[in-house]
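For reference, the structure is listed below as structure tokens.
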Amino acid sequence: MDIQRAGFRGRHDSRTNDSAHEDRACARPIRRYRMAPRDRQPPRQGRAVRHHGNARRGPGQHQKAGRADHDRLIAGGRGCGSYLDCMTIRTRFAPSPTGYLHIGGVRTALFNWLLTRRLGGQFILRIDDTDAERNRPEALQPILEGFRWLGIAWDEGPEVGGPHAPYFQSQRKDLYVAAALRLLDEGKAYPCYATKEELDADRKAAERAKRNYVHRGRHRTTPAAECRRLYDAQPTVLRLKVPEGRTIVVDDLIAGKVEVQSDLVGDPVILRADGRALYNFATVVDDVAMKITHVIRAKEHLSNTPVQVLIYEALDYSVPRFAHVPVVNAPKSKEKLSKRKMKQFMTDDIVARLRAAHAVPAEWTDEQIKNSEDLNPATVAFYRTLGYLPAALVNYFGRLGWSLDDKTEVMPLETMIANFSLERVNNAPASFDPDKLLWMAGEYMKQLPLEDKVEGLLPFLRRAGLIGADVDANLRNKVRKVALACGERLRVFSDVYLYASFLFRDPVYDAKAFDQRINKEGMRDHLRTFAQVLASVTPFEPDAIENALKQYCEGKPVKLGDVNHALRVATTGVMIGPSVFDCLAILGKEETLRRIDAALARPG
RNA sequence: GCCCCCAUCGUCUAGCGGCCUAGGACAUAGCCCUCUCAAGGCUAAGACAGGGGUUCGAGUCCCCUUGGGGGCACCA
């Protein structure tokens, strides 16, 4: 068993006989595919060349098969043809330092990470900052912080280092130049002096003729030594010689088998005149140098992959396994998730919470907050700021495009790790659903131990100025009671603003609620007299208060609910919140009476 | 224009030819519970894009159409 199939259990295993198995164990992936057992079956009528990669397994037996694969993989080192066959699985996520962590990227990174956790490999974080303009050091921190907060730890990469450092492409230029010059000397690359204008003209001509535009440079056929001499005399861009008449096969773990004719692929530039590498080239050089076994990345890279395969081949490198994850779409949409598309989720309530949490400068207008780059709902920071539990995000994004079985939604991380496999990743885009994420957040909040909830609540209360910096035992106890009183109303920490602000500051009276509940025939009198009853309630605890109210209403032509509502509005200012009795107990007798007096003092 | 890919309730998904009268979850609606708001319980509504094949039998395999996405860079 070889590592390259590690993430792809199931179909092949069940149909492969032993000899075919051995055959494939040491072959390069690209060759291996042609020998895949499926292709040797007698073709069914009308069978197409391509077949789907999203083969499925029944939940039961294949999970065991997966473990078996894993065990053999870790134990055995037989028949190694290249590092790809021998080593443990190595995956990478390679973001550009853009200043924020995009949730689509998190999902992709998560899949990479999960697979390495299951199979005992390494997850590498590499920074693709070849684009000089976008290379701002401070733009990296939000990305690292985002991953740390989510608990997605990288085994190698920025700040942790590793045997293949540096992990910044901007610091690896020499490698790319050396590799490109090697291809030049070997006659696999050539200098191209065509100007942009010439290329554009060619492209337009091709378009007019309804042909696919395929660039083939003048020096394709120039001998290698001459090419080198030309290049040394006058450095320019280097292009890879794309072989003619080839079928390039990408055997993708998620997308299935994808074939592209090399005659449709133009000779790609691999190195600019100034020596900076292009993405396709740098990626291949780095993935090889970092011994990446599984390239798991977003689907939009699928069409780059044939070019990369050619680069691997030209460089004489083994091709890793590819898995192209479908993109994440915007909510209820077929379009890719983008910041622009997520702006609509910056509701007034969200803006209020961000203000309360002092997550934005106080002088910002609502419009400015809604346009904030860093706190857009497409970023991880947004959810962190609003008090979503990171485990809920991980669970949600793990389930977006991947499923454990036919019903499991909420699952511990260990379960996800133990069962994650690429073959159960859907080969179709999935839309992000903020409602379901919020529900998931609530599920995790329910499970959170009380003390952790208190601990999580404190910073939110502090930032909003509802409590001070010092938290003594008394205050802590109060927050504990608040957490208990809020119960399952809390789905995210910032919900505390909605349900309990008034337990930490004076009520802000909602005019409508006040009018409806207090300015009601006889209600002020009830409040006044019930306040006197409350004054003698001991202990001032929820049960005792409730009993007092029941007794008070007994035999009177007033409904308990009505007095209760008036009591709520008088003491909290609003119509929503935890049980009134809990609220009063938390406020304490003195404060409760003070608030009732204050409410009664207000003009009708 | 050319190339590649995708398609089950509004959304996330189960489904690898008979177990499907298509299952679960979020959201929605109704009822119950209830001091408000949530939560919870019960119930309802809701999908195989269309058309051809293959097969005794197709959501499942094949083809076409339609719709969607991605790419065709000296961006990543």
Side-chain angles (χ1 to χ4, degrees), chain A residues 10-11 44-48 50 52 54-59 94-96 98 128-131 134 169 192 196 199 203 206-214 236-237 239 255-256 258-261 264-266 268-274 276 278-280 282-283 298-304 306 324 326-327 329 331-332 334-336 396 399-403 405-410 426-433 435-440 442 446 486-491 495 498-499 513 517 546 549 559-565 567-569 572 574-581:
Chain A
R11 173 188 280 173
R44 278 185 69 167
Q45 195 171 355
R47 209 175 89 75
R50 157 189 151 261
H52 294 270
N54 53 344
R56 296 301 164 82
R57 56 170 166 77
S96 296
T98 50
D128 276 15
D129 55 355
T130 51
D131 204 8
R134 275 200 253 179
Q169 289 196 326
C192 183
K196 260 196 174 106
L199 294 174
R203 206 187 325 273
E207 215 160 288
R208 247 175 281 122
K210 303 193 176 190
R211 273 185 300 111
N212 196 14
Y213 173 65
V214 180
T236 182
V237 303
R239 284 184 192 271
V258 178
E259 296 185 346
V260 175
Q261 299 307 313
L264 262 19
V265 177
V269 173
I270 56 175
L271 202 68
R272 296 180 176 95
D274 62 5
R276 283 148 64 220
L278 270 90
Y279 168 76
N280 277 329
T283 293
K299 191 69 148 253
E300 55 239 47
H301 292 286
L302 183 58
S303 35
N304 286 320
H324 287 92
V327 295
N329 284 339
K332 303 187 186 209
K334 302 267 186 204
E335 282 175 78
K336 197 173 135 185
Y396 177 78
R399 270 284 290 113
L400 192 64
W402 174 83
S403 62
D405 54 29
D406 58 343
K407 44 187 56 122
T408 309
E409 298 288 344
V410 182
N426 230 334
N427 190 21
S431 297
F432 170 56
D433 183 355
D435 289 336
K436 191 161 182 177
L437 172 59
L438 184 57
W439 166 79
M440 184 73 79
K446 280 182 203 170
C486 287
E488 297 183 349
R489 290 173 186 81
L490 287 185
R491 293 192 286 186
D495 281 337
L498 181 63
Y499 293 115
R517 304 301 189 184
E546 186 170 0
L549 183 63
K559 279 194 283 188
L560 185 142
D562 286 343
V563 182
N564 201 297
H565 289 148
L567 204 49
R568 173 185 294 282
V569 174
T572 71
V574 289
M575 272 310 295
I576 61 165
S579 155
V580 177
F581 310 114

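When reading the values below, keep in mind they use all heavy atoms of this one structure, side chains included, and skip hydrogens, waters and symmetry mates. Letters go in sequence order (proteins before strands), and every chain restarts at 1.
Comparing the P positions of B/C31 and B/U13 gives a spacing of 33 Å, expressed to the nearest Å. Taking atom C1' on both nucleotides, B/G67 is separated from B/A27 by 25 Å, rounded to a whole Å. For B/C72 and B/G50, the C1' atoms lie 30 Å apart once the distance is rounded to whole Å. For B/G51 and B/U11, the C1' atoms lie 28 Å apart once the distance is rounded to whole Å. One C1' atom belongs to B/C12, the other to B/G46, and the distance between them is 15 Å to the nearest Å. With C1' as the reference atom, B/G41 and B/U34 are 13 Å apart, rounded to whole Å. Straight-line distance between the P atoms of B/C6 and B/G10: roughly 23 Å, to the nearest whole Å. Using P as the reference atom, B/U21 and B/A47 are 16 Å apart when rounded to the nearest Å.
Between A/S403 and B/A14, a side-chain N or O to OP1/OP2 separation shorter than 4.0 Å is present. Put simply, A/R239 has a side-chain N or O that comes within less than 4.0 Å of OP1 or OP2 on B/C74. At least one side-chain nitrogen or oxygen of A/K446 sits closer than 4.0 Å to the OP1 or OP2 atom of B/G40. For B/G68, the OP1/OP2 oxygens have no side-chain nitrogen or oxygen of A/N329 closer than 4.0 Å. For A/R399 and B/U13, the shortest distance from a side-chain N or O to OP1 or OP2 is not below 4.0 Å.
Taken from CG in A/L549 to CG in A/N564, the straight-line distance is 6.0 Å, to the nearest 0.5 Å. Within the model, atoms CZ of A/R489 and OH of A/Y499 stand 7.0 Å from one another, a figure rounded to the nearest 0.5 Å. Taken to the nearest 0.5 Å, the CZ atom of A/R399 stands 7.0 Å off from the CE atom of A/M440. Taken from CG in A/L400 to CG in A/L437, the straight-line distance is 10.0 Å, to the nearest 0.5 Å. With rounding to the nearest 0.5 Å, the separation of OG in A/S579 from CZ in A/R568 is 7.0 Å.
Look at CD on A/E300: it is 16 Å from C1' on B/A73, rounded to the nearest Å. Remark: C1' of B/A25 and CG of A/D405 are 11 Å apart, rounded to the nearest angstrom. In this structure, the CG atom of A/L264 is 13 Å from the P atom of B/C72, given to the nearest Å. Between the CG atom of A/L437 and the P atom of B/U13 there is a distance of 14 Å, rounded to whole Å. Rounded to whole angstrom, the span from the CH2 atom of A/W439 across to the P atom of B/A38 amounts to 18 Å. Separating the CZ atom of A/R491 from the P atom of B/C26 is a distance of 11 Å, rounded to the nearest angstrom. One can place NZ of A/K407 at 16 Å from C1' of B/C12, the figure rounded to the nearest angstrom. In this structure, OH of A/Y279 is placed 12 Å from P of B/G71, rounded to the nearest angstrom.
Considering only the side chain of A/R489, B/C37 comes nearest among B/C35, B/C37, B/A27. Closest approach to the A/A428 side chain among B/C6, B/C74, B/C12 is made by B/C6 (side chain taken as heavy atoms from C-beta onward). Comparing B/A76, B/C5, B/C26 by their closest approach to the side chain of A/N427 singles out B/C5. Minimum atom distance to the side chain of A/D128 is reached by B/A76, of the listed B/G23, B/C74, B/A76.
At the heavy-atom level, A/G401 lies under 4.0 Å from the strands shown only through sugar-phosphate atoms. Residue A/V580 is in base contact, counting any heavy-atom pair closer than 4.0 Å across all strands shown. Residue A/R517 is out of contact with every strand shown, counting any heavy-atom pair closer than 4.0 Å. Across all strands, A/E335 comes closer than 4.0 Å only to sugar-phosphate atoms, never to a base (heavy-atom distances). When heavy atoms are screened at a 4.0 angstrom cut-off, A/N304 is found touching base atoms of the nucleic acid. Within 4.0 Å of A/L302, counting heavy atoms only, lies no atom of the nucleic acid at all. Within the 4.0 angstrom heavy-atom criterion, base atoms lie near A/G577. At the heavy-atom level, A/P306 lies nowhere under 4.0 Å from the strands shown. Residue A/H301 is classed as a base contact, given a heavy-atom separation below 4.0 Å to a base. Within 4.0 Å of A/Y213, counting heavy atoms only, lie sugar-phosphate atoms of the nucleic acid but no base atom. Counting non-hydrogen atoms under 4.0 angstrom, A/Y499 reaches a base of the nucleic acid. Contacts of A/F581 with the nucleic acid, taken as non-hydrogen atoms under 4.0 Å apart, include base atoms.
Along RNA chain B, the nucleotide nearest A/A430 and the nucleotide nearest A/K336 are compared for position; the residue whose nucleotide lies closer to the 5' end is A/A430. The 5' end of RNA chain B is approached more closely, in terms of each residue's nearest nucleotide, by A/N564 than by the other of A/P95 and A/N564.
Looking at A/D433, its side chain has no donor and acceptor atom pair within 3.5 Å of the base of B/A27. No hydrogens or angles were tested; on distance alone, nothing pairs the side chain of A/S431 with the base of B/C12 as donor and acceptor under 3.5 Å. No hydrogens or angles were tested; on distance alone, a donor-acceptor pair under 3.5 Å links the side chain of A/E409 to the base of B/G24. Interface remark: the A/K436 side chain does not form any donor-acceptor pair with the B/A27 base, using a distance-only criterion of under 3.5 Å.
Judged by distance alone, the side chain of A/Y396 and the main-chain N or O of A/W439 form no donor-acceptor pair under 3.5 Å. Side-chain N or O atoms of A/S96 include one that pairs as donor or acceptor with a backbone N or O of A/D128 at under 3.5 Å. With hydrogens and angles disregarded, a donor-acceptor distance shorter than 3.5 Å links the side chain of A/T236 to the backbone of A/C192.
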Trace of the side chain to side chain contact (heavy atoms under 4.5 Å, CB included) decision for A/R517 with A/M575: CA-CA 9 Å; A/R517 304 301 189 184; A/M575 272 310 295; 3.6 Å; yes
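Searching all strands for a Watson-Crick or G-U wobble partner of B/A7 with both distances below 3.5 Å returns B/U66. Of all nucleotides present, none satisfies the Watson-Crick or G-U wobble test against B/C33 with each distance under 3.5 Å. With a 3.5 Å ceiling on both atom-pair distances, the Watson-Crick or G-U wobble partner of B/C56 is B/G18.
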